[in-house]
Amino acid sequence: MEKRVTQLGSQKNNEFGKAKFPYSTKRLLLAFAKFIDNPHCYNNQLHDLNYCQSVVYGLQKRQRETCVKVMVAMCCDLEVETYQIGKPKLEYMDTITHKTIIKNYEACWGESICDKRYYHTIKLLKMADFLVIDAVYLQDRDLLANLDLKDEDLLLASTQNQRINH
């Protein structure tokens with residue numbers, strides 16, 4: 001896991017010659033990757049994520065690994081100064097969809113993730129307050145009239161709380 005995060009965050013090791021995220025984000029993700037093997041690392045600062053489903057039983061190792069992998073995929077579109085997920089524009093953040101993050105996941109890890117697993121991981125991150133949705137915007141008003149929107153259908157202009165101190 002750490003080797004792949006280092007490769008994605010490095011210009012010289014990446015096949016495209018461009019890092020997927022900046023050095024500071026790479027350090028954050030490398031620190032977060034330690035959560036997979038040791039959920040009580042960093043003086044138990046990740047306690048809320050580990051016990052977001054149950055007060056007694058923490059997340060399984062596979063769930064912790066998926067959380068880290070999805071976080072890496074989200075960080076490909078992370079704006080470092082504000083910790084918002086999206087494409088920065090001059091006056092606002094341009095939004096991205098869950099499908100974009102799933103494509104990032106596939107590009108980063110070379111494997112696909114099923115929708116159920118992806119949305120469950122997003123739910124875990126939201127329950128632990130690692131992911132907070134600030135706003136959802138639709139540009140096509142006709143689309144809004146014909147859609148029954150659910151929170152998990154769109155991930156737009158999201159903010160990620162930084163839980164790991166550098």
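Residue numbers count from 1 along this sequence.
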Handout entry: Donor on one side chain, acceptor on other, Gln45 and His40, under 3.5 Å
Key = no
Problem - Gap separating the OH atom of Tyr118 from the CD1 atom of Ile102, nearest 0.5 angstrom - result: 5.5 Å
Practice task
Check the pair Ile85 / Leu131 against side-chain contact (heavy atoms from CB on, under 4.5 Å), numbers first and verdict last.
Solution key: CA-CA 10 Å; Ile85 299 169; Leu131 184 67; 4.0 Å; yes
Problem - Distance in Å, Ile101 CD1 paired with Met74 CE, rounded so as to fall on 0.5 Å steps - result: 6.0 Å
Handout entry: Enclosure of Glu111 CD (heavy-atom neighbours >12, cutoff 6.0 Å)
Key = yes
Problem - Any donor-acceptor pair under 3.5 Å from Asn50 side chain to Leu59 backbone - result: yes
Problem - Thr25 (side chain) donor-acceptor with Phe21 (main chain) under 3.5 angstrom - result: no
Practice task
Determine yes or no for a side-chain-to-main-chain donor-acceptor pair under 3.5 angstrom, with Gln63 supplying the side chain and Gln60 the backbone.
Solution key: yes
Problem - Value rounded to 0.5 Å, distance of CG in Leu125 from CG in Asp48 - result: 12.0 Å
Practice task
Give a yes or no on whether Leu46 and Tyr51 share a hydrophobic cluster (residues Ile, Leu, Val, Met, Phe, Trp, Tyr; joining criterion: side-chain heavy atoms under 4.5 Å apart).
Solution key: no
Problem - Check: Thr100 main-chain N/O paired with Tyr105 side-chain donor or acceptor under 3.5 Å - result: no
Practice task
Evaluate the side-chain proximity of Val132 to Lys126: yes if any heavy-atom separation is below 4.5 Å, no if none is.
Solution key: no
Exercise for the section: Could you tell me whether Asp37 and Arg64 have a side-chain N and a carboxylate O separated by less than 4.0 Å? Expected result: no
Handout entry: Rounded distance [0.5 Å steps], NZ in Lys103 versus OG in Ser112
Key = 14.0 Å
Exercise for the section: For the pair Arg4 (side chain) and Trp109 (backbone), establish whether a donor and an acceptor sit closer than 3.5 Å, ignoring hydrogens and angles. Expected result: no
Practice task
Please name the pair of heavy atoms, one in Gly86 and one in Ile96, separated by the smallest distance, quoted to 0.1 Å.
Solution key: CA-CG2, 4.1 Å
Handout entry: With sequence neighbours excluded, residues passing salt bridge (charged side-chain N to carboxylate O under 4.0 Å, His left out) with Lys99
Key = Asp115
Handout entry: Gap separating the CE atom of Met127 from the CD atom of Gln53, nearest 0.5 angstrom
Key = 5.0 Å
Practice task
Looking only at non-hydrogen atoms, find the nearest pair between Leu49 and Cys67 and report the distance.
Solution key: CD1-SG, 4.4 Å
Fill in the blank from the handout: Output for pair (Met71 CE, Leu29 CG), nearest 0.5 Å, gives 8.0 Å
Practice task
Test Glu65 against Lys61 for salt bridge (Lys or Arg N to Asp or Glu O under 4.0 Å), laying out the working first.
Solution key: CA-CA 6 Å; Glu65 183 177 326; Lys61 185 173 182 174; over 6 Å; no
Practice task
Taking atom CG of Asn38 as the centre, report whether more than 12 heavy atoms of other residues, nucleotides or ligands fall under 6.0 Å from it.
Solution key: yes
Handout entry: Residue pair Phe32 / Tyr42, side-chain heavy-atom distance below 4.5 Å
Key = no
Problem - Pair Lys87 + Glu79: basic N to acidic O under 4.0 Å - result: no
